[in-house]
Student: 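To start, I am sharing the structure in question, which I have written as structure tokens.
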Amino acid sequence: MTASAWQPNKLEAERLDKVAQIEAQGIDAFPRRVQRTHTCAAAIAAFEAAEAQDAEAAQQLAVTVCGRIRRVNVKGKLSFMHIEDESGRIQLFLRVNDMAEATYNLVKDKLVDSDDFVQATGTLMRTKAGEVSVLVKDFVLLAKSLSPLPVIKQQVKDDGTVVEYGEFTDVEARYRQRYADLAVNRDVRDVFMKRAKIIKAVRNYLDNAGFLEVETPVLQPIYGGAAARPFITHHNQLDQDLYLRISFELYLKRLLVGGYDAVYELGRDFRNEGVSFKHNTEFTMLEFYKAYIDYHEVARLCEGYVVDACLAVNPSLQINWQGHAVDLTPPWKRITMRDAIRDASGIDYMDYRDAKSLEAAIRKAGIEVAPGQPWGKLIEHLLGETVEKNLIQPTFIMDYPRDISPFAKKVEYDDLHVERWELYIAGMEFANAFTELNDPRDQEARFLDMAKTFREGDDDETPLDTDYLRAMRYGMPPNGGFGMGMDRLVMLLTNQRSIRDVLLYPHLRAEG
RNA sequence: GGCCCCGUAGCGCAAUGGUAGCGCAGUUGACUUUUAAUCAAUUGGUUGCAGGUUCGAGCCCUGCCGGGGUCACCA
């Protein structure tokens with residue numbers, strides 16, 4: 001045995017001493033077996049159902065419940081406690097006459113604490129104050145808590161609202177010790193239960209719409225499908241550098257060549273970039289591709305699953321996000337990028353068809369811009385500066401500049417735009433979709449264009465993927481493609497301000 | 001990465017450059033229908049780390065570590 005690095009503080013030392021006292025009585029502080037018959041909520045429900053039939057008979061209902069102690073109130077020879085499991089809380093009513101005195105004394109002498117896991121067996125009753133409780137006949141310690149959780153007292157008002165006294169709000173501690181955050185903050189636990197429901201609703205929708213869920217490589221020899229810097233790693237035996245994927249796009253579209261009509265993947269992307277309230281280094285992405293549809297039909301699919309996801313965790317499509325009233329009732333607004341920017345800034349970028357003159361026009365309008373950016377990037381910057389923040393209601397910005405969209409098919413009779421939209425809600429970018437480019441000759445030209453742009457100073461390289469071109473040469477059906485950051489969708493639908501609040505373990509620096 | 005804010009007891013927070021306090025939790029005692037239980041007493045600190053200024057630093061200065069915000073970056 002190596003020496004423990006743990007330095008118990010005073011409170012922990014007290015609890016260690018209690019464990020020693022418990023064990024001195026021959027009691028296992030961490031026993032192997034439990035015998036739960038009811039969750040806390042199920043016990044209460046069973047009693048209330050029985051009580052509605054026959055109040056006397058309901059008192060005969062025997063249950064064994066388990067949970068973490070959240071409140072203890074020792075009143076001499078009578079004690080109360082609340083225990084909590086995932087389903088909720090139930091009160092234990094412990095009286096020395098109803099149980100072995102030695103067992104009762106574990107409670108009276110405070111050898112069991114708040115935060116311990118316990119099992120209680122007894123019959124159900126209602127206290128004088130009207131709360132359904134377990135009249136405890138036997139009481140077993142299931143697991144001793146050696147480190148006290150942050151203390152939060154809760155008062156349940158008559159109208160059912162809960163007032164909390166004492167808080168655990170230190171953001172860093174909550175993220176680093178998410179287990180403590182979850183154990184103490186019920187609303188945090190709720191967010192992640194909602195997250196699961198949202199993801200499940202999305203899956204259901206796509207499954208029912210005929211999509212096949214697939215899995216493609218996370219470690220990729222050539223990254224692509226998005227404009228972002230990748231993480232690089234190395235395979236030792238093969239002596240091969242690999243990239244953690246920044247998107248699934250190129251692998252998914254190869255599957256359309258292979259004969260699937262519609263595929264999707266829900267998984268993790270990794271981008272070696274800064275973090276913010278809406279960016280985490282790794283995040284959950286949804287991408288889907290469906291043959292024989294264009295970007296208009298993709299937009300309808302997007303509306304469809306977002307509606308389902310919303311209703312999975314909200315009573316209606318009218319939601320509130322950080323003070324913004326958002327209505328997700330489809331159809332959502334569609335506006336071209338050109339019109340949106342012209343309406344917001346007065347600049348019609350089609351009057352400036354090269355980067356140099358457009359950059360000058362943007363400056364003239366009093367908008368700061370980094371010098372030397374390509375034409376499409378300037379337009380994107382303009383959108384971000386003048387339009388994005390005001391797009392509170394869901395809005396599809398349609399038809400993006402061709403030179404920043406290497407995988408989208410161009411608009412008919414228009415060499416400057418492609419059939420691409422991005423979805424904005426609550427001032428945030430949510431999704432990106434195109435009518436996918438399926439002409440291998442055009443695709444190769446786009447790769448070469450992107451390489452040229454990169455050499456001219458753009459930060460994000462789009463590497464030439466020759467295997468992707470080889471696949472496309474076999475023939476790729478016309479198709480519509482789509483990507484959305486699921487974390488942001490969860491933020492929106494659960495009214496969370498930061499992406500870190502919808503990730504169980506957000507990325508943090510190493511603990512000093 | 002730039003700028004701004006923050007870091008004090010287990011948790012939440014105070015403290016003009018002059019003895020580091022309060023609430024909750026904890027500990028001891030009382031209490032057989034409490035529910036933020038109550039009452040009485042009481043323990044608990046290398047003020048994130050390292051330097052500096054000063055007779056004296058939680059407070060002022062410098063650097064570092066960590067977190068948040070914002071800008072940049074980022075489909």
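What you see is a predicted model, and the numbers here were worked out from it, not measured in a lab. Here is the naming used below: chain letters follow the sequence lines, and residue numbers restart at 1 for every chain.
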Student: I want to verify a distance call: between B/A72, B/C13, B/U34, whose nearest atom is closest to the A/K75 side chain?
Tutor: B/U34
Student: When the distance from CD1 of A/I152 to P of B/G26 is rounded to whole Å, what number comes out?
Tutor: 15 Å
Student: Base, sugar-phosphate, or nothing for A/G376, non-hydrogen atoms under 4.0 angstrom?
Tutor: nothing
Student: Which of these nucleotides, B/U32, B/C11, B/C74, is closest to any side-chain atom of A/P150?
Tutor: B/C11
Student: Remember a base hit wins even if backbone is also touched, and classify A/K278 as base, sugar-phosphate or nothing at under 4.0 Å, heavy atoms.
Tutor: nothing
Student: Determine the interatomic distance between P on B/A15 and the same-named atom on B/G56; round to the nearest Å.
Tutor: 25 Å
Student: Contact class for A/V163 (heavy atom, under 4.0 Å): base, sugar-phosphate, or nothing?
Tutor: nothing
Student: Taking any heavy-atom pair under 4.0 Å as a contact, classify A/S276: base, sugar-phosphate, or nothing.
Tutor: nothing
Student: P atom, B/G18 versus B/U27: distance in rounded Å?
Tutor: 36 Å
Student: Using only heavy-atom distances, determine whether the side chains of A/T123 and A/Q59 contain a donor-acceptor pair under 3.5 Å.
Tutor: no
Student: Let's test this: given Watson-Crick or G-U wobble pairing with both distances under 3.5 Å, identify the partner of B/C49.
Tutor: B/G63
Student: By the 4.0 Å heavy-atom rule, please label A/E131 as base, sugar-phosphate, or nothing.
Tutor: base
Student: Please check this pair: side chain of A/Q154 against backbone of A/Y165, looking for a donor-acceptor N/O pair closer than 3.5 Å.
Tutor: no
Student: Across the strands shown, which category fits A/R420 at heavy-atom distances under 4.0 angstrom: base, sugar-phosphate, nothing?
Tutor: base
Student: For nucleotides B/A41 and B/G48, find the distance between their C1' atoms and express it as a whole number of Å.
Tutor: 34 Å
Student: Which whole number of Å gives the distance between the C1' atom of B/U38 and that of B/C65?
Tutor: 45 Å
Student: List the atom of A/I404, the atom of A/K377, and the distance in Å for their closest heavy-atom pair.
Tutor: CG2-N, 3.5 Å
Student: Under 4.0 Å, counting only non-hydrogen atoms across every strand here, what does A/V184 touch: a base, just sugar-phosphate, or nothing?
Tutor: nothing
Student: Counting the atoms with a prime plus P, OP1 and OP2 as sugar-phosphate, which does A/Y400 contact under 4.0 Å by heavy atoms, base, sugar-phosphate, or nothing?
Tutor: nothing
Student: Which nucleotide, if any, forms a Watson-Crick or G-U wobble pair with B/G21, using both distances under 3.5 Å?
Tutor: B/C13
Student: What's the closest nucleotide to the side chain of A/E172 if the choices are B/A25, B/G66, B/G68?
Tutor: B/G66
Student: Using whole Å, report how far NZ of A/K110 lies from C1' of B/U42.
Tutor: 13 Å
Student: Rounded to the nearest 0.5 Å, what separation is found between the OG atom of A/S247 and the CZ atom of A/R271?
Tutor: 7.0 Å
Student: In whole angstrom, give the distance that lies between atom CZ of A/R89 and atom C1' of B/U35.
Tutor: 10 Å
Student: Does A/K18 make a side-chain N or O approach to OP1 or OP2 of B/U27 shorter than 4.0 Å?
Tutor: yes
Student: Within 45° of the six-membered ring axis of A/Y400 and under 6.0 Å from that ring's centre, is NZ or CZ of A/R420 located there?
Tutor: yes
Student: Out of B/G66, B/C73, B/U70, which has the shortest distance to the side chain of A/F277?
Tutor: B/U70
Student: When you get a sec, tell me which of B/G69, B/U27, B/G10 is the closest nucleotide to the side chain of A/N9?
Tutor: B/G10
Student: Is it true that the side chains of A/S145 and A/R15 contain a donor and an acceptor less than 3.5 Å apart?
Tutor: yes
Student: Does any nucleotide pair with B/G1 by Watson-Crick or G-U wobble geometry, both distances under 3.5 Å, and what is it?
Tutor: B/C71
Student: Give the rounded distance in Å between these two atoms: CD of A/E167 and P of B/C11.
Tutor: 14 Å
Student: Between A/V72 and A/R95, which has a closest nucleotide on RNA chain B that is more 5'?
Tutor: A/R95
Student: Rounded to whole angstrom units, what separation is found between the CD1 atom of A/I83 and the C1' atom of B/U35?
Tutor: 15 Å
Student: Would you indicate which nucleotide in B/G67, B/C24, B/U34 comes nearest to any side-chain atom of A/F80?
Tutor: B/U34
Student: Between B/G26 and B/U43, how many Å separate the two C1' atoms, rounded to a whole number?
Tutor: 8 Å
Student: Counting only side-chain nitrogens and oxygens, does A/T127 get under 4.0 Å of the OP1 or OP2 atom of B/U34?
Tutor: no
Student: Please determine, for the side chain of A/R229, which listed nucleotide (B/C73, B/G68, B/A37) has the closest atom?
Tutor: B/C73
Student: Heavy atoms only, 4.0 Å cut-off, all strands: where does A/A228 land among base, sugar-phosphate and nothing?
Tutor: sugar-phosphate
Student: Under 3.5 Å for both donor-acceptor distances, Watson-Crick or wobble: does B/U38 have a partner, and if so which one?
Tutor: B/A30
Student: Can you check the distance between B/C24 and B/A40, where both ends of the measurement are the P atom (answer in whole Å)?
Tutor: 11 Å
Student: Think A/R15 has a side-chain N or O under 4.0 angstrom from the OP1 or OP2 of B/A25?
Tutor: no
Student: Taking 4.0 Å as the cut-off, does a side-chain nitrogen or oxygen of A/R71 come that near to OP1 or OP2 on B/A37?
Tutor: yes
Student: So what does A/D170 hit on the nucleic acid, given a heavy-atom distance under 4.0 Å: a base, only sugar-phosphate, or nothing?
Tutor: sugar-phosphate
Student: Looking at A/R68 and A/D115, would you say the former's side chain and the latter's main chain have a donor-acceptor pair under 3.5 Å?
Tutor: yes
Student: If you check the A/A129 side chain, which of B/A72, B/A36, B/U35 turns out closest?
Tutor: B/U35
Student: In whole angstroms, how far is the C1' atom of B/C24 from the NZ atom of A/K10?
Tutor: 15 Å
Student: Run the salt-bridge test on A/E388 and A/K278 with the 4.0 Å N-O cut-off and return the result as yes or no.
Tutor: yes
Student: Is the base of B/U38 touched by the side chain of A/N73 through a donor-acceptor pair closer than 3.5 angstrom?
Tutor: no
Student: Need one value for A/K108: base, sugar-phosphate or nothing, where a base atom within 4.0 Å counts as base even if backbone is also close, heavy atoms only.
Tutor: nothing
Student: Identify whether any heavy atom of A/L149 sits under 4.0 Å from a base atom; if not, whether one sits that close to sugar-phosphate; answer base, sugar-phosphate or nothing.
Tutor: nothing
Student: Please tell me which of the listed nucleotides, B/U34, B/C74, B/C73, lies nearest to the side chain of A/A370?
Tutor: B/C73
Student: Is the base of B/U34 touched by the side chain of A/Q91 through a donor-acceptor pair closer than 3.5 angstrom?
Tutor: yes
Student: Answer with yes or no whether A/R70 presents, from its side chain, a donor or acceptor under 3.5 Å of a partner atom in the base of B/U35.
Tutor: no
Student: Let me know the distance between CD of A/E273 and P of B/C71, rounded to the nearest Å.
Tutor: 17 Å
Student: Which part of the nucleic acid, if any, lies within contact of A/R500, taking any heavy atom under 4.0 Å across all strands shown: a base, the sugar-phosphate backbone alone, or nothing?
Tutor: sugar-phosphate
Student: Tell me which one of A/L503, A/D170, A/L504, A/D501 satisfies side-chain contact (heavy atoms from CB on, under 4.5 Å) with A/Y175.
Tutor: A/D501
Student: Excluding sequence neighbours, so at least two apart, what forms salt bridge (Lys or Arg N to Asp or Glu O under 4.0 Å) with A/R178?
Tutor: A/D181
Student: Any idea which of B/C73, B/C74, B/G12 is nearest the A/F168 side chain?
Tutor: B/G12
Student: Sticking with atom C1', work out how far B/C13 lies from B/G58, rounded to a whole angstrom.
Tutor: 14 Å
Student: Between A/S247 and A/Y175, who's closer to the 5' end of RNA chain B by nearest nucleotide?
Tutor: A/Y175
Student: From CG of A/D109 over to P of B/G29, roughly how many Å is that when rounded to an integer?
Tutor: 8 Å
